[in-house]
Amino acid sequence: MDETEFWELIDTSREAAGGDPEDQADALVDRLLQLDPELVLDFARHFEARYNRAYHWDLWGAAWVLLDGASDDVFDSFRCWLIGQGREVFEGALHAPDSLAELLAEFDEEIDGDGEELGFAADEAYEELTGTVAPDLGIAPAPPEPEGTPVDFEDDATLAELYPRLTSRFRD
């Protein structure tokens, strides 16, 4: 599976779910179940690589502003959700986290930002297809600490300075 096919699966599952992350995870599992188990593992590798790539302090700060707080677990779920938003939003957020203010057309605080189930879709599909737990993917794990410069999440003035567009749209 190449990168284009990976993003097509993400996009079609999001569209089928009408943007609901839980429904998207279900739609994604359904699509993965139509593939060979090795392709499901390829999908998992693509997903995990992007998940690890998003482990960055400045993105965590953006999630903090967007979600009005983000613990370790919440940031983990946020990164899964961010991948689920598609290539343009994901890459844009990694390049300039404050750009999420423009990249997200809509944001429902009740359901958006939490894509934990998306992170398990490939494992679920692989297990259903093979009857076994997915093997190690053979990719490097995320670093023990996020990349970049730590952000003081409790300092509202610093957050407003670092993320002016997100602060204006989601905190004012």
Side-chain angles (χ1 to χ4, degrees), residues 3-4 6-7 9-11 13-15 17-25 28 43-124 134 136-172:
E3 188 172 4
T4 300
F6 168 80
W7 286 116
L9 284 167
I10 293 291
D11 290 343
S13 64
R14 185 182 63 258
E15 291 162 8
D20 182 287
E22 287 185 22
D23 292 344
Q24 183 180 3
L28 184 55
F43 176 90
R45 286 182 193 97
H46 280 286
F47 194 97
E48 191 73 15
R50 279 150 190 81
Y51 177 80
N52 290 346
R53 200 171 135 220
Y55 195 47
H56 212 278
W57 280 112
D58 61 353
L59 189 59
W60 197 340
W64 188 277
V65 173
L66 185 64
L67 302 172
D68 198 21
S71 66
D72 295 1
D73 291 341
V74 169
F75 184 52
D76 290 346
S77 295
F78 175 82
R79 291 184 288 153
C80 292
W81 173 83
L82 187 62
I83 294 166
Q85 299 311 293
R87 186 179 206 166
E88 180 182 341
V89 173
F90 178 80
E91 294 293 341
L94 262 61
H95 177 70
D98 195 39
S99 71
L100 279 169
E102 291 83 31
L103 291 169
L104 298 174
E106 297 178 22
F107 188 83
D108 182 340
E109 293 176 9
E110 296 297 317
I111 61 170
D112 287 328
D114 181 1
E116 180 180 18
E117 296 302 317
L118 287 169
F120 297 114
D123 291 335
E124 185 178 327
D136 182 77
L137 299 174
I139 63 172
E145 289 291 318
E147 297 290 327
T149 304
V151 175
D152 181 358
F153 300 140
E154 301 300 325
D155 184 342
D156 289 339
T158 297
L159 290 174
E161 184 179 312
L162 292 171
Y163 311 100
R165 295 174 289 178
L166 282 170
T167 300
S168 175
R169 181 171 172 197
F170 295 103
R171 287 265 180 113
D172 289 342

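All of these numbers come straight from a predicted model, not from anything done at the bench.
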- Message: Taking Y51's backbone N and O only, do any of them form a donor-acceptor pair with R79's side chain (distance below 3.5 Å, no angle check)?
- Response: yes
- Supply the atom-to-atom distance D112 CG to L104 CG, rounded to the nearest 0.5 angstrom. 7.5 Å
- Between F47 and F6, what is the shortest heavy-atom contact and its length? N-CE1, 3.6 Å
Under 3.5 Å, side-chain donor or acceptor atoms of residues 147-154 against the rest of the protein: list the pairs with distances, not counting sequence neighbours.
residue: D152; atom: OD1; partner: E154; partner atom: N; Å: 3.1

- Residue list, salt bridge (Lys or Arg N to Asp or Glu O under 4.0 Å) with D98, at least two apart or on another chain: R165
- F107 and L67: CA distance, side-chain angles, deciding distance, side-chain contact (heavy atoms from CB on, under 4.5 Å) verdict: CA-CA 10 Å; F107 188 83; L67 302 172; 3.6 Å; yes
- Item | E116 side chain near C80 side chain, heavy-atom distance below 4.5 Å | no
- Message: Does E22 have more than 12 heavy atoms from other residues, nucleotides or ligands lying within 6.0 Å of its CD?
- Response: no
- Query: Just how far is it from atom CD1 of I10 to atom NE2 of H46, taken to the nearest 0.5 Å?
  - Reply: 11.0 Å
- Item | Cation-pi geometry met for R171 and Y163 (6.0 Å, 45°) | no
- Task: Report yes if some heavy atom in the side chain of L59 is under 4.5 Å from a heavy atom in the side chain of L82; otherwise report no.
- Result: yes
Could you list the donor-acceptor pairs under 3.5 angstrom formed by side chains in residues 88-95, with sequence neighbours left out?
residue: E91; atom: OE1; partner: R53; partner atom: NH2; Å: 2.6
residue: E91; atom: OE2; partner: R53; partner atom: NH1; Å: 3.1

- Item | Atom pair OH (Y55) and CZ (F75), whose distance is rounded to the nearest 0.5 Å | 7.5 Å
- Note on the structure: Minimal heavy-atom distance between L166 and A62, with the atoms involved, is CD1-CB, 3.6 Å
- Message: So which atom in T167 and which in A160 form the shortest heavy-atom distance, rounded to 0.1 Å?
- Response: OG1-CA, 3.5 Å
- Can you name the nearest heavy-atom pair linking G84 to L118, along with the distance? CA-CD1, 3.8 Å
- Task: To the nearest 0.5 angstrom, please state how far the CZ atom of R45 sits from the CD1 atom of I139.
- Result: 8.5 Å
- Query: Within the side chain of S168, is there an N or O that forms a donor-acceptor pair under 3.5 Å with the backbone of P164?
  - Reply: no
- Quick one: does R87's side chain have a donor or acceptor within less than 3.5 Å of a partner on W7's backbone? no
- Which heavy atom of A122 sits nearest a heavy atom of F43, and at what distance? CB-CD2, 3.9 Å
- Message: As an exercise, state the distance from CG of L159 to CG of D156, rounded to the nearest 0.5 Å.
- Response: 6.0 Å
- Between the CD atom in Q24 and the CG atom in L28, the distance rounded to the nearest 0.5 Å is 7.0 Å
- Message: Closer than 3.5 angstrom, by distance alone: can the side chain of D58 be matched with the main-chain N or O of W60 as a donor-acceptor pair?
- Response: no
- Task: Give the minimum heavy-atom separation between G115 and W81, together with the two atoms involved.
- Result: N-CB, 3.4 Å
- Is the shortest heavy-atom distance from the side chain of F78 to the side chain of L66 under 4.5 Å? yes
